[in-house]
Amino acid sequence: MNPVKPQAAANWLRKKSQLRPKLAIVLGSGFHHVLAELRVAKKIPYAQIPGFPKPTVSGHAGELYFGHLGGTPVLVLSGRAHFYEGHPMKRVTFAIRTLAAFGIMDLLLTNAAGGINNNFRAGDFMVLADHINFMGTNPLRGPAIEGLPRFVDLTETYDKKLRGLLLKAGKNSKQKLRSGVYLAVSGPSYETPAEIRAFAKLGADAVGMSTVPEAIVARQCGLNVAAVSCITNLAAGISKKNLSHAEVLETAERVKKSGAALLKYFAEHYQKM
Ligand code: HPA
């Protein structure tokens, strides 16, 4: 149970800095290097923020930053709580409700994903055009929340304007940036080749274990959402190789500068949008 209300966490955060960013970025594998580009105003470990869960996966620090990226005020969340860690959805998405209560309007989610589309290569990036929720549950399941829609429309989960800005950032950084459908599984096992063949038939271009719960909750809260994946590996059975977390981290390390450049360009031009 998480007795802390997102509004209380947001009020707590407001006392930590005078900055009032409209844009928040959640960092997944392949994107943490952007922290080197961030002019940090304030860094806060998740452990100190009321209601925030502690992430347990290696490579995910669990810190919230107030700062400027490419001159734009931003909140950066380095590390996230995953469903596969055993957190209930309420905890997985608590940070998103906190961001909404804080006054964030636009949310950029980043993640690592396995490539299903045959044209994808490890090290490519993919802007989410849409998603398929295969996690077996929905983060909005539970009592209705007063003042928020019960049945949330997901016809345009990923905002057209923000998506356009990401694609522009890709062109600018000469980074291979695809567009596609992200399918979310609960994990933490990787998929079987048979599952990946099935997901391909369903229309998925990439597969991962995060982002979708956050995007759904963000839409319920009225935030505009964009998301981008770092394709860290080809999904099971697409290449001859077996999958490993080590490969995911290796690719993330190899393309970290491109990931950082994408996000920096996005933040810099966000203000002019
Ligand atoms: N499957 C699921 N999640 C992932 C993968 C994958 O192949 N790569 C990175 N995250």
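One-based numbering, in listed order, for ligands and for the atoms of each. Side chains included, hydrogens not; waters and symmetry mates left out as well; all remaining heavy atoms used.
- By the rule that hydrophobic residues join a cluster once side-chain heavy atoms approach within less than 4.5 Å of another member, Phe199 and Met135 end up as members of separate clusters.
- The nearest heavy-atom contact from the protein to atom 5 (C) of ligand 1 is Gly114 N, 3.4 Å.
- Near Met209, the atoms of ligand 1 lying under 4.0 angstrom from a non-hydrogen atom of the residue are 2 (C), 3 (N).
- Not one N or O on the side chain of Ser229 forms a donor-acceptor pair closer than 3.5 Å with the backbone of Ile231.
- For the pair Lys16 and Trp12, the distance from NZ or CZ to the six-membered ring centre is under 6.0 Å and the angle to the ring normal is within 45 degrees.
- Per-residue contacts place Thr232 under 4.0 angstrom from the following atoms of ligand 1 (heavy atoms of the residue considered): 8 (N), 9 (C).
- Near Asn233, with a cut-off below 4.0 Å to any heavy atom, the atoms of ligand 1 are 5 (C), 6 (C), 7 (O), 8 (N), 9 (C).
- Around atom CZ of Arg141, no more than 12 heavy atoms belonging to other residues, nucleotides or ligands sit under 6.0 Å away.
- Neither the backbone nor the side chain of Ala236 comes within 4.0 Å of ligand 1, counting heavy atoms alone.
- Protein heavy atom at the shortest distance from atom 4 (C) of ligand 1 is Val207 O, 3.7 Å.
- Checked options Leu69, Val74, Val34, Leu23; the residue passing with Phe266 is Leu23 (criterion: side chain to side chain contact (heavy atoms under 4.5 Å, CB included)).
- Within the listing of ligand 1, atoms 7 (O) sit less than 4.0 angstrom from a heavy atom of Leu243.
- The nearest protein atom to atom 1 (N) of ligand 1, hydrogens excluded, is given as Glu191 OE1, 2.9 Å; this is a heavy-atom distance.
- Annotation for ligand 1: atoms under 4.0 Å from non-hydrogen atoms of Ala112 are 9 (C), 10 (N).
- Screening Arg163, Arg219, His131 for a side chain to side chain donor-acceptor pair (under 3.5 Å) involving Tyr158 leaves a single residue, His131.
- Ranking protein heavy atoms by distance to atom 3 (N) of ligand 1, first place goes to Gly208 CA, 3.4 Å.
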